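Data block below; observations after.
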Amino acid sequence: MRTATLGPAQRAEALAAMAEHELDVLVVGGGVVGAGTALDAVTRGLSTGLVEARDWASGTSSRSSKLIHGGLRYLEMLDFALVREALKERGLLLERLAPHLVKPVPFLYPLQHRAWERWYAGSGVALYDAMSMARGHGRGLPVHRHLTRGRALRVAPCLRKDALVGALQYYDAQVDDARLVATLVRTAVSYGAHAANRARVTGFLREGERVVGARVQDVEGGGEYEIRAQQVVNATGVWTDDTQAMVGERGQFHVRASKGIHLVVPKDRIHSTTGLILRTEKSVLFVIPWGRHWIVGTTDTGWDLDKAHPAASSADIDYLLEHVNSVLAVPLSRDDVQGVYAGLRPLLAGESDATSKLSREHTVAHPAPGLVVVAGGKYTTYRVMAKDAVDEAVHGLDMRVADCVTEDIPLLGAEGYRAMWNARARMAARTGLHVVRVEHLLNRYGSMAEEVLALVAADPTLGEPLQAADDYLRAEVVYAASHEGARHLDDVLTRRTRISIETFDRGTRSAREAAELMAPVLGWDEDQIEREVQHYEKRVEAERESQLQPDDLTADAARLGAPDIVPL
């Protein structure tokens, strides 16, 4: 089984290796597109580096709706090419690339008008299914079905009887977005890429007009490295314009940030066996199953304030509650909201009306010799964006380079996952864990669950759940720091696990236990443990305060009341 470790020693070695020899490709940005680009480049045989200023997926790629979908609503816009592309990617992830991380999820679409709406919506969903299966990547999902009002209410008793006259049920897929990104990074490293988070690009190296690398600051250790590369790929999402400004080149497009917020509520607050998709006056609203919770989202509003910590205002939360309550028999209240998170979508905005239509599509440009920019797009189509970015970079390399092969490269944990899933009862008997715990590990780590179980075998206390977040084992916190590149408490509670949004205390009751588990791996003393816990508590306090504010400006000011992460 191929594997890779992103521990403290490996991070230091990666920075040193990138500075020692010129790379073929240096990727800037550790979100899903940057991680996918690094994997694409290294699996073509290119020497590849990947740097990220904060944590893997700490921007948009950990704050999405957690859906892998074809974009059903884009059919209504007649954007068949985008839907076809996304459906192919959905199928690849479900069946071949990441079956341990990407799972089918059912959605119910309530119909509010007789006859014409069932025909109109039904035709769209039927086309959606047909386009998926036509490419040979839809066999893993059931086809849609039409439901009467009575049958729909048996599937989703939470709905008000007067909120629908019937319904359609169809399937898409979902993913833990941050976990997929971390797995992409580890997969790239397993093929020979060098990767370092908390490594911020402070400027680009130039020879004449050509970009020949980047200056990178080690945010943790304080050192600075000059990393040379024949081609640099800017994959920094909503930070694209900021990164481009370091080069001093006028961009061919700009990236505008659009804020989307999501609410997390306990499973028992919405009585349903299926997710929901609802129309709003602006877009659509999803109610998405998420383990023992529901995710309700999203909004779509412009954002030009702090990009690192977008804030959800009281108005945002009220908007979502108002719209979801319009169809619920038992409405949700503020007290039902367990977690809230806000993310920024990178939308393309051209310098003329003609190019502004790019919106959710992606584009790749070569604004200066040695520099490639990739921006826009959807989470689902990250692999296509990565392929296009590397194809563009290859034009600037003086060598023959193989074509993209990531369509056939399973992510770490995928190989052997189904066989281990079938043997989960025997795994439970062998390890002494309940089979539900084994299933949880398999659906987070795939076949790499054996690495987590090895920690438990060496120290049986790690097989116990966290006291205040019992969905997660203590071993998972240790593994996040030793194998998955977590450098701070926030990385573990917010991205390696989802404790920050899945508990009413937002993870504050788990903070000290988690920090003490991380400490031996990362070499923390008691003072650093205390700093990590205090920083996390202040972050949660600032987020709670921002969610009481009436608008974006006041919410942003409240959120920025907490300092950024504490360097080691």
Side-chain angles (χ1 to χ4, degrees), residues 4-31 34-35 37-56 58 182 184-236 239 242-248 368-373 389-390 393-394 396-399 401 483-488 491 522-523 565 567-568:
T5 299
L6 298 181
Q10 289 78 16
R11 176 182 174 277
E13 290 166 6
L15 281 169
M18 285 189 276
E20 188 174 352
H21 299 292
E22 184 186 46
L23 301 168
D24 294 326
V25 175
L26 173 65
V27 183
V28 181
T37 300
L39 178 59
D40 188 293
V42 76
T43 52
R44 297 194 199 198
L46 300 173
S47 60
T48 303
L50 172 65
V51 291
E52 159 59 37
R54 296 188 297 150
D55 185 28
W56 308 123
S58 57
L184 275 167
V185 175
R186 291 185 67 190
T187 306
V189 170
S190 78
Y191 282 97
H194 304 294
N197 55 353
R198 310 284 178 191
R200 183 186 307 278
V201 170
T202 58
F204 288 98
L205 305 176
R206 303 287 292 264
E207 288 185 7
E209 65 174 354
R210 186 174 186 82
V211 173
V212 295
R215 283 187 299 277
V216 175
Q217 179 191 11
D218 179 356
V219 177
E220 303 285 285
E224 187 163 277
Y225 298 83
E226 287 197 351
I227 300 176
R228 295 189 166 267
Q230 292 192 45
Q231 292 287 308
V232 177
V233 178
N234 175 6
T236 52
W239 285 271
D242 303 293
T243 312
Q244 285 301 100
M246 295 182 194
V247 188
L371 179 67
V372 172
V373 183
V390 178
V394 163
L397 296 176
D398 296 324
M399 64 177 88
V401 178
H483 285 68
E484 296 182 324
R487 300 285 300 167
H488 293 280
D491 300 343
L522 297 175
I565 201 71
L568 290 177

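All of these numbers come straight from a predicted model, not from anything done at the bench. By convention here, the first residue in the shown sequence is residue 1. The figures that follow rest on heavy atoms only: side chains count, while hydrogens, waters and symmetry mates do not.
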Can you find a heavy atom in the side chain of [X] that is under 4.5 Å from one in the side chain of [Y]?
X: V216; Y: M18; result: no
X: L50; Y: W56; result: yes
X: V390; Y: T37; result: yes
X: R215; Y: M246; result: no

- Keeping the roles fixed (side chain from D491, backbone from D55), state whether a donor-acceptor pair exists under 3.5 Å.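 Flag not set: sc D491 to bb D55 has no pair under 3.5 Å.
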Between [X] and [Y], what is the shortest heavy-atom contact and its length?
X: E52; Y: S58; value: OE2-OG, 3.7 Å
X: A199; Y: V219; value: N-CG2, 4.4 Å
X: L39; Y: Y191; value: CD1-CD1, 4.2 Å
X: A14; Y: A195; value: CB-O, 3.4 Å
X: H194; Y: A17; value: CE1-CB, 3.6 Å
X: V42; Y: A188; value: CG1-O, 3.7 Å

- Query: Step by step, would you call V201 with V51 a side chain to side chain contact (heavy atoms under 4.5 Å, CB included)?
  - Reply: CA-CA 8 Å; V201 170; V51 291; 3.9 Å; yes
Using 0.5 Å steps for rounding, measure from the [atom1] atom of [X] to the [atom2] atom of [Y].
X: F204; Y: R210; atom1: CZ; atom2: CZ; result: 13.5 Å
X: H21; Y: I227; atom1: NE2; atom2: CD1; result: 13.0 Å
X: N197; Y: R487; atom1: CG; atom2: CZ; result: 7.0 Å
X: Q230; Y: L46; atom1: CD; atom2: CG; result: 9.0 Å
X: L26; Y: L371; atom1: CG; atom2: CG; result: 10.5 Å
X: Q10; Y: H483; atom1: CD; atom2: NE2; result: 8.5 Å

- Could you check R200, R198, R11 and say which one makes a salt bridge (charged side-chain N to carboxylate O under 4.0 Å, His left out) with D218?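 Among the candidates, only R11 passes.
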- Query: Of E22, E207, E20, which meets salt bridge (charged side-chain N to carboxylate O under 4.0 Å, His left out) against R228?
  - Reply: E207
- Passes side chain to side chain contact (heavy atoms under 4.5 Å, CB included), D24 versus M399? Steps please. CA-CA 10 Å; D24 294 326; M399 64 177 88; 3.5 Å; yes
- Check the pair V212, R206 against side chain to side chain contact (heavy atoms under 4.5 Å, CB included), reporting the backbone distance first and the verdict last. CA-CA 6 Å; V212 295; R206 303 287 292 264; 5.8 Å; no
